[in-house]
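To start, the structure under review is shown below, and the notes come after it.
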Amino acid sequence: MGADGGAGALLTIDLDAIAENYRRLRARLTRAVCGAAIKADAYGLGAVRVGPALARAGCRDFFVAHLDEGVALRPRLPDATIHVLNGVLPGEEGEFAAHSLIPVLNSLPQLDRWSKWGRERGVRPAALHIDTGMSRLGLEEPDVAVLADDPSRLDGIDLRLTVSHLACAEEPENPMNLVQRAAFERARARLPRAGASLANSSGIFLGPDYQFDLARPGAALYGVNPTPGQPNPMLPVVRLEGRIIQVRDIDHPRTVGYGAAHSIRRRSKIATVAIGYADGYLRSLSGRGLCRLAGLEVPIVGRVSMDLITIDVTDVPANQAIEGAVVEAIGGQHTVDDVAETAGTNGYEILTSLGPRYRRRYTGAGA
Ligand SMILES: *Cc1c(COP(=O)(O)O)cnc(C)c1O
């Protein structure tokens with residue numbers, strides 16, 4: 001951490017690791033093209049930096065959730081195909097057209113509106129979401145039948161892609177995968193020819209049958225393990241560090257933090273670090289999380305508070321557990337997945353929680 005370390009914590013994002021993860025995922029695809037999900041600000045890592053890094057690695061097809069995310073990215077990705085997963089809401093049609101964004105149409109009424117817009121003002125591209133089991137977004141089987149019986153409803157639309165989303169891709173043995181793939185094939189057989197996209201990160205690892213024409217990985221690009229229970233084939237991408245701002249020696253029967261949740265049992269050295277839940281370091285890590293200092297594992301004691309955590313540094317050499325020393329909260333030995341498991345959540349939530357309050361440093365080519 002540099003001399004400019006006035007802010008609480010430092011989040012380091014390795015753009016080279018993201019590019020390498022993209023190449024590793026692409027190498028898993030037999031014939032599909034590899035796209036990238038960069039919704040939610042590239043899972044909290046900064047889409048305006050991550051998007052261009054992926055484009056330099058060869059990515060041309062991007063997926064965001066909201067119209068606004070697509071609009072913000074368009075100037076950074078002038079030549080890319082940008083899909084908006086949440087589709088086009090009434091009144092948004094003009095903005096989609098102005099920024100050359102491709103809506104992923106999620107319902108027949110939405111399709112009808114986009115078709116009308118296209119018939120009146122010129123044919124527009126779209127993707128079509130088929131619900132094969134998520135029950136969240138997309139056309140269900142009866143909707144597909146309606147469309148198959150009246151293909152004119154697609155007039156004014158250049159249907160580029162059919163999309164569906166797997167509910168259980170990280171569980172290769174889950175029968176839901178086969179069920180969804182079969183439903184996707186059935187729907188596609190009834191619709192006009194278009195590219196197909198089913199696989200998220202874990203879906204890629206289900207093999208060629210799930211890869212179709214375009215993969216849409218997100219989490220794996222950012223270092224989350226797409227094959228839980230097996231070694232992570234991805235490189236770690238983020239490191240979160242905070243600085244010790246005070247150290248104290250205390251003994252039994254003192255307690256630490258809110259709720260007096262941690263009782264001191266032996267003579268201890270407790271360090272206070274400037275990272276808290278307002279930074280996205282989840283409160284559920286209270287009394288459970290682990291950090292690293294001077295190459296040693298140090299436990300979080302007591303509750304995570306808004307701006308601070310307290311760690312037990314009793315076993316750390318006294319000259320290392322000092323004010324200003326840098327503590328690693330995520331990275332290296334404590335991957336995003338490790339922290340997620342400790343917190344009782346998944347790596348996605350850890351990443352997207354990492355708040356805008358951190359000072360961010362991008363490393364790697366183009367940083
Ligand atoms: C978020 C998302 C993805 C990416 O999923 P990962 O599990 O992060 O790889 C792909 N497709 C859709 C529809 C999504 O919502």
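Every number for a ligand or one of its atoms is a count from 1 in the order of the listing.
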Pair [X] + [Y], salt bridge at N-O below 4.0 Å:
X: Arg153; Y: Asp155; answer: no
X: Arg60; Y: Asp79; answer: no
X: Asp279; Y: Arg360; answer: no
X: Arg186; Y: Glu141; answer: yes

Would you mind writing out a table of all protein N or O atoms found under 3.5 Å from any N or O atom of ligand 1, naming both atoms and giving the distance to 0.1 Å?
{"from": "ligand 1", "atom 1": "7 (O)", "to": "Asn200", "atom 2": "ND2", "distance (Å)": "3.0"}
{"from": "ligand 1", "atom 1": "7 (O)", "to": "Tyr348", "atom 2": "OH", "distance (Å)": "2.5"}
{"from": "ligand 1", "atom 1": "8 (O)", "to": "Tyr43", "atom 2": "OH", "distance (Å)": "2.5"}
{"from": "ligand 1", "atom 1": "8 (O)", "to": "Ala219", "atom 2": "N", "distance (Å)": "2.8"}
{"from": "ligand 1", "atom 1": "9 (O)", "to": "Ser201", "atom 2": "N", "distance (Å)": "2.8"}
{"from": "ligand 1", "atom 1": "9 (O)", "to": "Ser201", "atom 2": "OG", "distance (Å)": "2.5"}
{"from": "ligand 1", "atom 1": "9 (O)", "to": "Gly218", "atom 2": "N", "distance (Å)": "2.8"}
{"from": "ligand 1", "atom 1": "11 (N)", "to": "His165", "atom 2": "ND1", "distance (Å)": "3.4"}
{"from": "ligand 1", "atom 1": "11 (N)", "to": "Arg216", "atom 2": "NE", "distance (Å)": "2.9"}
{"from": "ligand 1", "atom 1": "11 (N)", "to": "Arg216", "atom 2": "NH2", "distance (Å)": "3.1"}
{"from": "ligand 1", "atom 1": "15 (O)", "to": "Lys39", "atom 2": "NZ", "distance (Å)": "2.5"}

Strictly under 6.0 Å, is that where the ring centroids of Phe212 and Phe184 end up? yes
Look at the rings of Phe96 and Trp114 and say which category their plane angle falls in: under 30° parallel, 30 to 60° tilted, over 60° perpendicular.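 Aromatic pair Phe96/Trp114 classed perpendicular.
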